[in-house]
Amino acid sequence: MSDTRQPLLRVRDLTVNFGSHRHPLSAVAGVSFDIYEGETLGLVGESGCGKSTTGKALMRIVEPSSGSIELEGVEITTQKGKALRNLRTRMQMIFQDPISSLNPRRRAKDIVAEPLDCWKSVEGDERTALVNDLLSKVGIDPIVYGNRYARQFSGGQCQRISIARSLAMRPKLLICDEMVSALDVSIQAQILNLLEDLKAEYGLTLLFIAHDLAVVKNVSDRVAVMYLGKMCEIGPPDTLYDAPEHPYTQFLLGAALEADPDSPLHGEVLVGEPPSPMNPPSGCRFRTRCPFATDKCAAEEPLLVEMAPGHTVACHYPLSLSRT
Amino acid sequence: MLLGIIIVITVGAFYLIHLLPGDPAVIILGTGDSPANKARLYAQLGLNKPIYEQYFVWMKNILHGNLGTSFISETPVWTTIKSAIPIDLELMVISQILAFAAAIPLAMRSAKRPDGPLDRMLSAGSFTLLSIPAFIAIVLLVLFIAIDLGVPHTGPSSYVSLGSDWIGNLESLALPSFVLAVGSFVVYYRVLRSDLIATLQEEFITMARSKGISQRRIMWRHALRPSSVALLGTAGVNIGGLLAGGFIVQYLLDIPGLGYTLISAIGYSDYLVVQGIVLVVAVGVILINFVFDFIINIVDPRISRE
Amino acid sequence: MSNSYFVNELVEEATTQTTPERKKRLGVLFWICVGWLALNVLGAIFANVLPLQDPLYQNYSIINAGPSLHHLFGTDDLGRDIFSRIVFGSRVSIEVSLGSLLIGFGIGAPLGMLAAYRRGKFDSLLTTVMYMFLAFPAIIATIAVLSFWTPRSLLKIIIVVGIASIPLVYRVIRTATMNIATKDYVIAAKVQGATDWRILGRELLPNVAPIGVSFLLIGIATVITLEGSLAFLGLSVNPPTPSWGNMINESRTILQQNPWLAIFPSLALCLFLLCLNFIGDRLRSHFEVTEGKL
Amino acid sequence: MSLTPQLLVVKDLSTTFDTPAGPLAAVGGVSFDLNQNETMGIVGESGSGKTVLARTVMGLQPRSKVTVSGSVLLNGFEVVGASDVEKQKIWGLQVAMIFQDPMTSLNPVMRIGRQIDEILRVRLGMDRHAAKARAIELLELVGIPSPAERYHVFPGQLSGGMRQRVVIATALAGSPQLLLADEPTTGLDVTIQAQILNLLDEIKERMKMSVILVTHDLGVVATRTSRLIVMYAGRIVEMGSTRDVFVNHRMPYTRALLDGSPKVSNPSHTRLLAIPGRPPNLLKLPPGCSFAPRCSFATDRCHKERPELQPANTPGHTFACWNPLPTNRGASA
């Protein structure tokens with residue numbers, strides 16, 4: 001499945017450091033990936049692994065320290081002022097906390113119209129019609145609910161309004177940052193189905209960031225796994241979930257709980273906790289918790305290597321080699 | 001930061017006089033204006049030198065404990081101030097002890113049942129007290145208690161120094177301390193009450209309850225400390241304001257503290273005394289704030305970690 | 001008591017669903033207080049037109065008189081009508097408080113919002129400077145400046161008090177803005193391509209304003225008290241211009257002969273403050289601003 | 001102490017909050033029992049009343065603005081109607097609770113050792129040294145490295161997983177017979193969640209406790225509980241052995257919960273079974289089955305009459321539905 005298509009988004013060696021010069025915190029440490037038009041790339045990892053920071057760096061909500069981000073061949077990291085604001089409308093982002101993503105003192109239809117008003121792209125009746133259409137598309141009745149304030153909606157409804165707002169400027173790329181993790185199971189299913197429908201209708205490309213492995217698998221065409229600011233493994237969901245190459249991916253899958261009383265009580269549980277990003281381990285960042293780690297892992301940082309077409313892994317000792 | 005503040009204060013106090021229109025010598029000398037005094041002033045402050053040099057001369061004097069000599073009373077300014085400071089300290093300590101002693105238990109009672117009858121009563125009371133400035137409180141108290149009811153030794157001009165008779169001293173300070181304490185109490189009560197109510201809704205309080213610990217212990221051991229950050233911050237700021245509020249109280253009741261001295265100095269246009277008091281009070285307020293910041297850091301380990 | 005947050009959560013779940021917006025009521029007392037303040041302000045504005053006696057007219061035939069039909073609140077030691085002096089005196093309190101807070105908010109609030117939104121060097125520099133001034137007790141500075149900046153006038157008082165209030169306003173507004181600037185909806189607005197000015201005006205201002213208004217009310221009460229204190233030190237407007245503080249100060253020496261001269265202005269001042277405090281408190285709970293934030 | 005094998009007997013328990021908007025029925029007519037050394041799960045979405053139920057069982061609901069009726073017999077002690085002072089006798093020593101958010105359930109300004117040994121000193125009258133030694137033992141038991149040093153740290157200096165271990169240690173300090181765990185792993189990462197759940201299992205066996213595991217995540221209870229309660233709008237809608245509830249469930253809502261969540265074993269882009277609408281307003285519950293407005297099988301009767309729990313084929317398995325799903329469907333899809 002090696003792709004000859006031009007990627008919609010091309011990220012190379014993206015690095016984000018926080019904190020002062022004396023106490024740097026390496027949140028994202030040289031991450032590279034591509035997203036092709038029309039696909040959904042799932043990005044999983046535990047809290048603090050840098051997946052959200054990656055998403056925010058793509059939008060330049062946090063400033064990348066180095067690296068390159070190209071959207072449709074245009075370099076984003078060097079843009080400024082109006083050009084940057086304009087580029088942001090090509091990409092959009094949906095946040096984790098549905099309630100806090102909407103200004104409580106504004107009305108639903110004004111929130112959806114905000115991007116239109118910022119750019120004065122459509123006005124008057126056309127604007128009203130577009131806003132009403134967007135609200136109905138996400139399942140919010142514009143006549144009944146359009147004039148309500150954001151604070152009067154429940155979490156699921158807020159997330160629907162956020163989606164409507166993000167679609168107003170017809171973006172190419174939608175970054176979903178943990179967009180369903182604050183929602184209840186039954187609402188989560190509604191939103192995920194809605195997202196799939198809208199993706200088809202609007203021809204969207206998605207970067208779906210989440211910690212829930214099952215949710216990510218459900219929506220993704222490819223899945224990327226991050227640990228402590230580094231990319232561990234990228235591959236198609238079926239192979240990655242069935243035959244992971246990186247030990248971390250395997251542990252992550254082993255810890256995921258299935259809603260099935262017959263699922264085997266998982267085998268080995270990963271011990272310890274991730275080290276501090278203020279002081280990351282040398283070489284492979286996972287080596288401190290990895291049962292297979294050797295001296296080589298401490299000395300040399302593993303690079304992403306293609307194991308199979310479209311399946312790359314950053315590990316000196318990929319699991320398929322040890323299996324055989 | 002602290003150094004910066006001290007520079008701002010000293011520069012502020014020093015240039016106060018130059019910011020104002022008119023000849024500084026005339027302003028400083030005020031009613032003590034005579035050619036001889038003028039010559040002495042020029043010599044003392046080096047008024048003919050450039051302004052920044054004047055500042056360094058003045059700073060050097062201050063660091064040697066020399067705030068100048070008043071041209072009106074002909075006594076060193078520091079001597080005048082030194083005799084007034086203990087009175088202010090005493091007033092402050094007594095009134096703060098009273099205010100905290102009343103505010104903490106009452107705020108706890110209120111927070112136990114917000115909107116309960118006791119809370120409503122205390123809230124209404126605190127509102128009323130909040131709306132009575134110290135100077136009105138004094139006037140009204142003097143009018144109703146001291147005069148009408150004939151309570152002794154609370155009338156004007158009855159200050160007894162601590163050294164001569166400590167009971168008499170406490171009695172003479174009873175009314176001013178009370179007025180200042182009430183002013184502080186209202187503020188402390190309200191801040192602590194609202195923070196306690198918020199703290200009591202925290203999960204860790206439920207956790208403490210689930211351990212089977214008594215209500216009383218939960219209040220004092222679990223709820224008070226995390227609720228007291230805003231209280232201590234307010235107290236730090238309030239004590240600065242208290243010095244000022246204390247001015248009026250002292251002035252009205254003829255208690256020879258800093259406030260009284262300041263106001264009389266303003267009356268005589270004794271600029272050097274005013275400048276000295278401004279400096280001393282400003283430094284005092286900063287030290288108090290500093291101490292309170294320090295206490296807050298100890299009380300709440302979350303703050304120092306940020 | 002404890003875990004009642006949890007009940008709130010349930011109620012929120014339940015009420016956000018089908019019930020349309022329930023208006024939070026401010027209560028009758030709130031509107032009585034607003035009415036009283038409005039009456040005071042109107043009185044101050046139209047004092048010249050109202051059928052009041054000249055507040056400066058000295059009628060030596062009735063000095064230190066108690067309340068009567070002719071002199072509702074009695075007369076002072078110079079035979080001036082206390083009622084009319086109170087009405088005219090409110091002008092000083094209102095002018096000083098509004099004027100100085102106009103300066104304080106006009107300079108402090110935009111700076112505070114900008115610093116909190118922009119962050120970076122601009123913020124750290126400005127904040128350091130403001131905090132230095134904040135450490136300098138404002139009341140002492142005010143007293144010191146006013147005592148030597150002669151002749152005193154209303155305008156000078158307004159300028160000095162106004163400048164002294166800038167760092168306070170700055171701090172409150174900056175903290176409030178910072179809490180809001182980190183919310184997702186501000187980031188979301190940025191993502192939509194909104195300009196900084198649009199974000200400041202549309203997203204931040206409406207959410208900072210309630211805290212600003214609450215603080216403004218507290219500020220007015222504080223400045224009115226301050227003016228009264230200055231009057232006691234003879235640092236407010238010069239007599240014979242009436243001000244509440246001046247009147248109470250004048251009453252001090254003749255407290256026994258004429259308690260009315262102390263009681264009525266005190267009452268006027270305290271009632272005014274009470275109404276301000278009450279309105280402030282109601283608005284704070286209405287906007288869910290906690291006292292610690294101010 | 002008690003001769004009955006049941007540690008906990010709950011009968012017709014209702015909790016109603018008195019809110020400004022009217023009475024809110026958070027828990028309505030719930031009955032169940034729990035055996036010694038058993039782990040039971042309570043699942044439901046937010047607002048289903050599962051957390052209120054857990055707190056009411058312990059008697060931890062707020063004192064004012066709430067009406068509790070029915071009966072909770074905990075080891076022979078009637079919790080409903082007891083005063084706080086009476087309940088304080090069983091709290092911590094017979095029943096303890098673990099809360100959802102380890103970030104907020106520890107006092108941020110108290111050293112963690114103090115929070116653990118408080119119960120030992122105040123309730124069990126241990127002296128300071130003995131209590132400290134026991135607290136360090138407990139910290140070690142819950143898997144905190146270098147416990148003697150950690151005894152002195154503040155909660156803010158620990159990670160979420162470590163804090164939850166401290167919370168567990170605090171709950172264990174009084175050696176309770178019943179542990180109520182309210183969403184104990186919700187805020188934690190998957191690998192840490194697995195560690196904490198394993199720890200709870202281990203401790204339960206070691207200390208011979210019964211555990212009630214309250215969660216919204218069916219994955220958490222699937223392999224770790226023997227019995228399961230499914231709640232919806234404050235009521236039990238299905239109850240039985242975990243296997244029965246997962247495999248032979250009769251209530252459509254249970255199926256919706258199971259099929260609405262994505263599974264790792266499903267292929268990508270599996271269409272989820274999403275039930276429309278949202279949970280009902282607890283302030284004005286519909287007269288019939290609370291789930292009826294969202295249920296595709298609902299009939300007139302469902303909208304008018306509330307179904308009571310009725311037995312299914314397997315003993316101990318009950319469900320509340322007028323139009324139950326057919327039995328013997330084999331493993332659920």
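A note on names: the letters A, B, ... follow the listed sequences, proteins ahead of strands, and every chain is numbered from 1.
- Rounding to the nearest 0.5 Å places CG of C/L267 at 9.0 Å from CD1 of B/I136.
- C/F278 touches chain B through backbone and side chain together, each having a heavy atom under 4.5 Å away.
- Only the side chain of B/L262 comes within contact range of chain C, with heavy atoms under 4.5 Å apart.
- The structure places CD1 of B/I132 at 10.0 Å from CG of C/L269, a figure rounded to the nearest 0.5 Å.
- Between C/L274 and B/S131, the shortest heavy-atom distance links the atoms CA-OG, 3.1 Å.
- The contact between B/I263 and chain C is made entirely by side chain atoms (from C-beta outward), counting heavy-atom distances below 4.5 Å.
- When heavy atoms are compared at a cutoff of 4.5 Å, C/L271 does not approach chain B at all.
- When C/A262, C/C275, C/G228 are compared by the number of non-hydrogen pairs under 4.5 Å with chain B, C/G228 comes out ahead.
- With sequence neighbours excluded, no residue forms a salt bridge (Lys or Arg N to Asp or Glu O under 4.0 Å) with B/R109.
- Of the inter-residue distances, the one linking C/I248 atom CD1 with B/L140 atom CG reads 8.0 Å to the nearest 0.5 angstrom.
- Taking C/R119 as the reference, C/D123 meet the salt bridge (Lys or Arg N to Asp or Glu O under 4.0 Å) condition, with sequence neighbours excluded.
- The shortest distance between side-chain heavy atoms of B/F135 and C/T225 falls below 4.5 Å.
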